[in-house]
Amino acid sequence: MGAHRFLSNREALAPEYPRSAVSPFFRGNGSTDPQNGDYPRHVEEGFANWRLEVRGLVDTPLSFSIENIRKLPARSQVTRHDCVEGWSAIGEWTGPQLSLLLDEAGLKPEARFIVFRCADNLNGQDYYETVDLVDAYHPQTIIAHSLNGEPLPVRNGAPLRMRIERQLGYKHAKYLTAIEAVASLDGIGGGQGGYWEDRAGYQWYAGI
Ligand SMILES: Nc1nc2c(c(=O)[nH]1)N[C@H]1C(S)=C(S)[C@@H](COP(=O)(O)O)O[C@H]1N2
Ligand SMILES: [Mo]
């Protein structure tokens with residue numbers, strides 16, 4: 001992480017591709033059809049009652065409907081997703097930059113990490129991920145509501161998923177319910193900063 005951050009500009013963009021490079025099928029991985037909690041009901045309702053909360057170390061906690069999120073200024077990016085399990089896919093993702101929501105909520109000075117809370121429970125653990133403020137404010141870090149110009153399929157994280165383009169696949173939290181600003185990763189999940197970090201010792205920093 002130190003070398004990566006030292007050698008490359010923090011704002012440097014991950015490669016973007018022409019729309020013609022989009023993969024015909026963007027496979028799903030990990031949870032692809034969550035059956036726990038309220039998620040199946042939200043699917044039935046077309047996510048009309050889904051909320052995305054912004055909370056934690058912020059001046060003004062926020063709560064958005066999907067309709068609210070879709071109305072925000074958005075960025076579209078055609079990028080390659082790289083999963084550590086050995087596959088990649090190119091997709092066009094669209095949604096507001098995370099920085100927009102963080103600025104609207106106002107981060108408190110103690111905030112150092114952003115936690116992404118997810119609706120799915122995988123092997124008895126709620127999926128979650130975290131990044132520091134460098135990646136949170138990266139211009140390609142967006143809350144995607146669309147894939148290839150269509151609302152996200154359930155397989156790929158409907159109704160909202162993170163795109164953290166400077167990091168590997170497991171950091172891109174799907175089924176996003178809340179964005180939390182925190183001072184430390186202690187006491188969040190198993191304390192290692194993410195589902196796979198807690199479960200299998202994956203590196204917290206998965207920069208590419
Ligand atoms: N909530 C949630 N987010 C998740 C996962 C998951 O199982 N649950 N899997 C991760 C992994 S390992 C990868 S490679 C990508 C897969 O995204 P996709 O299903 O759109 O291909 O989502 C990541 N985000
Ligand atoms: Mo992955």
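Values below: every heavy atom of this structure, side chains too, minus hydrogens, waters and symmetry copies. Quick note: residue numbers are just sequence positions, from 1. Because the structure is a prediction, the values reported are computed rather than measured. For ligands, and for the atoms within them, numbers begin at 1 and follow the listed sequence.
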Peer 1: Give me the residue, atom name and distance of the protein heavy atom closest to atom 13 (C) of ligand 1.
Peer 2: G169 O, 3.6 Å

Peer 1: Applying a strict 4.0 Å limit to heavy atoms, is F26 in contact with ligand 1?
Peer 2: yes

Peer 1: Of D120, L122, V154, which has the heavy atom at the shortest distance from atom 1 (N) of ligand 1?
Peer 2: D120

Peer 1: What residue among Y195, Y202, F116 forms ring pair (Phe, Tyr, Trp, His ring centres under 6.0 Å) with Y170?
Peer 2: Y202

Peer 1: Heavy atoms only: which of K174, H81, R27, H172 lies closest to atom 15 (C) of ligand 1?
Peer 2: H81

Peer 1: Using a 4.0 Å cutoff against the non-hydrogen atoms of S31, which atoms of ligand 1 qualify?
Peer 2: 6 (C), 7 (O)

Peer 1: Return yes if a side-chain donor-acceptor contact under 3.5 Å exists between N121 and Y39, otherwise no.
Peer 2: no

Peer 1: Name each donor-acceptor pair under 3.5 Å that joins a side chain in residues 15-24 to protein atoms two or more places apart or in another chain, with its distance.
Peer 2:
{"unit_1": "E16", "atom_1": "OE2", "unit_2": "R75", "atom_2": "NH1", "d": "2.8"}
{"unit_1": "E16", "atom_1": "OE2", "unit_2": "R75", "atom_2": "NH2", "d": "3.2"}
{"unit_1": "E16", "atom_1": "OE2", "unit_2": "Q140", "atom_2": "NE2", "d": "2.7"}
{"unit_1": "R19", "atom_1": "NE", "unit_2": "E92", "atom_2": "OE1", "d": "2.8"}
{"unit_1": "R19", "atom_1": "NH2", "unit_2": "E92", "atom_2": "OE1", "d": "3.3"}
{"unit_1": "R19", "atom_1": "NH2", "unit_2": "N148", "atom_2": "O", "d": "2.9"}
{"unit_1": "S23", "atom_1": "OG", "unit_2": "I90", "atom_2": "N", "d": "2.8"}
{"unit_1": "S23", "atom_1": "OG", "unit_2": "I90", "atom_2": "O", "d": "3.4"}

Peer 1: Which atoms of ligand 1 are found less than 4.0 Å from any heavy atom of G30?
Peer 2: 7 (O)

Peer 1: Quick one: does R117's side chain have a donor or acceptor within less than 3.5 Å of a partner on E180's backbone?
Peer 2: no

Peer 1: Taking a cutoff of less than 4.0 Å between a non-hydrogen atom of the residue and any ligand atom, is R161 in contact with ligand 1?
Peer 2: yes

Peer 1: With heavy atoms of C83 as the reference, note each atom of ligand 1 found under 4.0 Å away.
Peer 2: 14 (S)

Peer 1: Backbone, side chain, both or neither: what part of C118 comes under 4.0 angstrom of ligand 1, heavy atoms only?
Peer 2: side chain

Peer 1: Q125 and D198: side-chain hydrogen bond (donor to acceptor under 3.5 Å, both in side chains), yes or no, with the steps?
Peer 2: CA-CA 10 Å; Q125 303 289 326; D198 288 340; over 6 Å; no

Peer 1: Any idea which of Y175, W196, W87, Y170 brings a heavy atom closest to atom 11 (C) of ligand 1?
Peer 2: Y170

Peer 1: Tell me which one of Y202, Y128, Y127 gets a heavy atom nearest to atom 5 (C) of ligand 1.
Peer 2: Y127

Peer 1: Report the residues that fulfil side-chain contact (heavy atoms from CB on, under 4.5 Å) with P159, sequence neighbours left out, ordered by chain and then residue number.
Peer 2: F47, W50, I66

Peer 1: Is there a side-chain contact between M162 and E129 (heavy atoms, below 4.5 Å)?
Peer 2: no

Peer 1: Could you list the atoms of ligand 1 found under 4.0 angstrom from a heavy atom of R155?
Peer 2: 19 (O)

Peer 1: Is any side-chain heavy atom of F25 closer than 4.5 Å to a side-chain heavy atom of R155?
Peer 2: yes

